[in-house]
2 protein chains.
Amino acid sequence: MTEKVVIIGGGAAGPKTAAKLRRESEDLKIDLYTQEDIISYSACGLPYYIENIIQNSDTLILRTPEDFKKQNIDIHLKQKCIKVDTENETVTLLDLISQNIYEVKYNTLVLATGAIPVMPDIKNINLKNIFTLRTIQDGINIKQKMLQSKRAILLGGGYISIELMEALVHNNLRVTLIEKSSQILKMFDEDFSQRVTDYIIGRNPGQVSILTNEEVIAFYGNEKNEVTKAITNTGKEIETDFVVLGTGVRPNTDFLKDSNIKLGYNGSIKVDKTLKTSKQGVYAVGDCTDNFNLVTNRYTWVPMGSTANKEGRCAAINIAGGNCTFEGIMNSTITKYFDLTISIIGISYKDALEFGFQPEYAIVTKRDKAGYMPNTGTMTLKLIADKNTHTILGIQGIGEGDVNQRINTVIPAILGKTKLESFMNLDLPYSPPYSPAIDPVLNAAQIIYQKING
Amino acid sequence: MTEKVVIIGGGAAGPKTAAKLRRESEDLKIDLYTQEDIISYSACGLPYYIENIIQNSDTLILRTPEDFKKQNIDIHLKQKCIKVDTENETVTLLDLISQNIYEVKYNTLVLATGAIPVMPDIKNINLKNIFTLRTIQDGINIKQKMLQSKRAILLGGGYISIELMEALVHNNLRVTLIEKSSQILKMFDEDFSQRVTDYIIGRNPGQVSILTNEEVIAFYGNEKNEVTKAITNTGKEIETDFVVLGTGVRPNTDFLKDSNIKLGYNGSIKVDKTLKTSKQGVYAVGDCTDNFNLVTNRYTWVPMGSTANKEGRCAAINIAGGNCTFEGIMNSTITKYFDLTISIIGISYKDALEFGFQPEYAIVTKRDKAGYMPNTGTMTLKLIADKNTHTILGIQGIGEGDVNQRINTVIPAILGKTKLESFMNLDLPYSPPYSPAIDPVLNAAQIIYQKING
């Protein structure tokens, strides 16, 4: 009998699993169910679609159901999984068109249900033109509204808000970002968060505001129930044409509450390094799973498109009888605000203290090429290392110079627990159009090493 | 009594040693002797000065003798070291202005005499307008001649010839590159060398020629002894206005022949990982020293400005009583030809075979950003790993996309002997403006791993 693999979820991880599984095995029957009406798209590209750098939302769709059909993979759109029964090896699905409920048998189940926005507890949060950004349809709705608007509020100071800030400023809107904690980009140290704020404000003074320690307590609307105003805890009244909630996401796992599949950090699905859940024959991949942090050696939950793709690929190899291990993550993230690259890998200085490390740090501001070359960009790097082990715990980088090149150099060094004294003399290739003779990231390592050695 | 440190050589390594040593210790007397009349300049920037991207040669000078004087470091220009006596702790110097010969005592000696061009054995090699490129004066001479010329010959197919090719093509010269072996860029595999050749020819067809398996056997000149023509072993006659010899360099160590200081690979000075030579109190840094290759675990000689800077810094720390280890190199190099980045780290596939590894490779051609973003560039990476250990042996990268970012990711993985199965799932930060969801370098690792695992 043909083995039947059922995949639940159509964002990044599910379709990746399906496609890789078919390449690994021609015999399996593969069925993918998703509650959405589009599959296999890049949610990370949505801010650039809204900005209108990408004109057509279809560009973000990597593969259509027809593409999958050619690979002998059956895609079932608008089918929502509402229950998993691991004893009988069935999933229960709700057909969102007919409202029928039915069961499907599986031999192997892959859960790839992603994450869903957390709705903050604010009065009148259900007014029109208060959006979240997760699906392509969300992106289309926000873009349509943006094109008719002059003012917007972004709630929350994470990456999505920074990316949307660029999109909206580029389209000449007046934008107010409201963050309830004391800084935007909370994973960064306060000094780096402040540098980003200064850059954003400095680039378009008068057009953007960033309010921290400020919480929206109510929205108000007009007679058509369209949002027109936000009221904050300090009594500020901010008029607006629409709002985007960037107030976080949580794993989409409510449907598992009766399944006995073990959940982990923040309600995410607990998986081992081969992407197996606690139940035989059930895998989980992507934003709905927990993650092992290779710096802190603890489980956490960091939904990322890159991790989703790697996990999907890895699970497929294992389902097909191969051998793939996904060892963990380092909370690696990068984004940009116009010409400013913003990135953090591993943990910040403040988090290093909190996790019980004995951190030391170095901050360097350097040009990204030999100083005498034209078109150099500057960058500021903050490298964090542990005084006891001399290993690197993290790096924060911001600047108009090539930050990504330096950030990437640190990642395998964290994985390999490379000591500073080795890292600082690393043989990075040098040529004036690519770097100074001693690369900025090595400068930073040299400085920490000398601080530690007195 | 004040300790006296004598440094011989004024390129990159000597001045770096002097400057770092002064920061580490205020008490030492530091004297630097150089046979040139300029110190502390970036020889690597000379092609860009010739190209006229950099207008003024002074821009390449990082620090003047006056700058050093302010740090209480005495620079002695046009003083050539002709002998070292480690028994009596003296160096013998020839004053190139007065022709006087004199001795100087040292407590610590640092040899940083760099490399000198190898002159090929070609008839009439001493004609006018046959240049080598090593010093700023060489650069000035070549640029001056280029500005009055229409045609040039570049001898040798290494990085300097590629960089000069760009400079000369940019200035509308007709350029012929002549390489006696079967490929340019010999450290690369033949397929990658060919890709570079194709790009160079394809970019300016008719304006450039690359001749391989071709050797110049004689130059001919006019009545003013200016070169006008090269004759090759296959009988080709190539008219030219000038020639630049990029036929290699060798360590500048002839003056050590009576010193008992042990020499290593190719006549370079043998140093340990703290940059000490075989003789007590004598250090050597930069292009005149040998290098330990961390991939092959053998000694080699790869003169590089970045290594010179790191070694100079490291030796200074050790002379001042600190503790710095320079573990070795990976033959990391990078250059560009207009928009094409060209880089290799570690060893090629052919060299891996030669060194007794059991290499496997993957070649991937990918865009450097998410495919739907504007302004993506493509790149081709060739990753080499060892079938037995699953560790990475090297990477070659060429392309108009961001090669450097990917190349740098491999370097600490080579150092840390990271296995492919870990490397391929590395948590590189992802955002559409910076990379595809799975980075090309991880794609390459995934492909090799699957090849090895069947």
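Chain naming here is simple, since letters A, B, ... match the order of the sequence lines and numbering starts at 1 in each.
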task: Identify which part of B:Gln55 has an atom lying under 4.5 Å from any heavy atom of chain A, answering side chain, backbone, both or neither.
output: neither
- request: Tell me, for B:Leu426 versus chain A, whether the close heavy atoms (under 4.5 Å) come from the side chain, the backbone, both or neither.
  value: both
field: Atom group of B:Ile317 that falls short of 4.5 Å from chain A, counting heavy atoms
entry: side chain
Contacting region of A:Met330 [heavy-atom separation from chain B under 4.5 Å]: both
field: From A:Ser435 atom OG to B:Asn408 atom CG, the distance as rounded to the nearest 0.5 Å
entry: 8.0 Å
- prompt: Taking atom CG of B:Asp427 and atom CG of A:Asn293, what is their separation to the nearest 0.5 Å?
  reply: 9.0 Å
query: Side-chain contact, heavy-atom cut-off 4.5 Å: A:Thr333 with B:Pro429?
result: no
- prompt: Between CE of B:Met424 and CZ of A:Arg313, what distance do you get to the nearest 0.5 Å?
  reply: 5.5 Å
- prompt: Does any heavy atom of chain A fall under 4.5 Å from the side chain of B:Asn331, the backbone, both, or neither of them?
  reply: backbone
query: Any side-chain heavy atom of A:Gln405 sitting closer than 4.5 Å to one from B:Arg406?
result: no
message: Given heavy-atom pairs under 4.5 angstrom as the criterion, report whether the side chain, backbone, both or neither of B:Glu327 touches chain A.
response: side chain
- line: Assert top hit (heavy-atom pairs under 4.5 Å, partner chain B, pool A:Met373, A:Glu421, A:Gln450) equals A:Gln450
- prompt: Taking atom CG of B:Asn404 and atom CG of A:Asp439, what is their separation to the nearest 0.5 Å?
  reply: 8.0 Å
statement: Rounding to 0.5 Å, atoms CD1 (A:Ile329) and CG (B:Leu428) come to a distance of 13.0 Å
field: Part of B:Ala413 within contact of chain A (heavy atom distance under 4.5 Å)
entry: both
message: Under 4.5 Å from any heavy atom of chain B, what part of A:Lys417 do you find: side chain, backbone, both or neither?
response: neither
message: Under a plain distance cut-off of 3.5 Å, with no hydrogens placed, do B:Tyr434 and A:Thr341 share a side-chain donor-acceptor pair?
response: yes
message: Heavy-atom cut-off 4.5 Å, strictly under: side chain, backbone, both or neither for B:Tyr372 against chain A?
response: both
query: Is a donor on one side and an acceptor on the other found under 3.5 Å between the side chain of B:Asn425 and the backbone of A:Thr325?
result: yes
Separation of A:Gln446 CD from B:Cys324 SG (nearest 0.5 Å): 8.0 Å
field: Residue part contacting chain A, namely of B:Leu442, when any heavy atom lies under 4.5 Å
entry: side chain
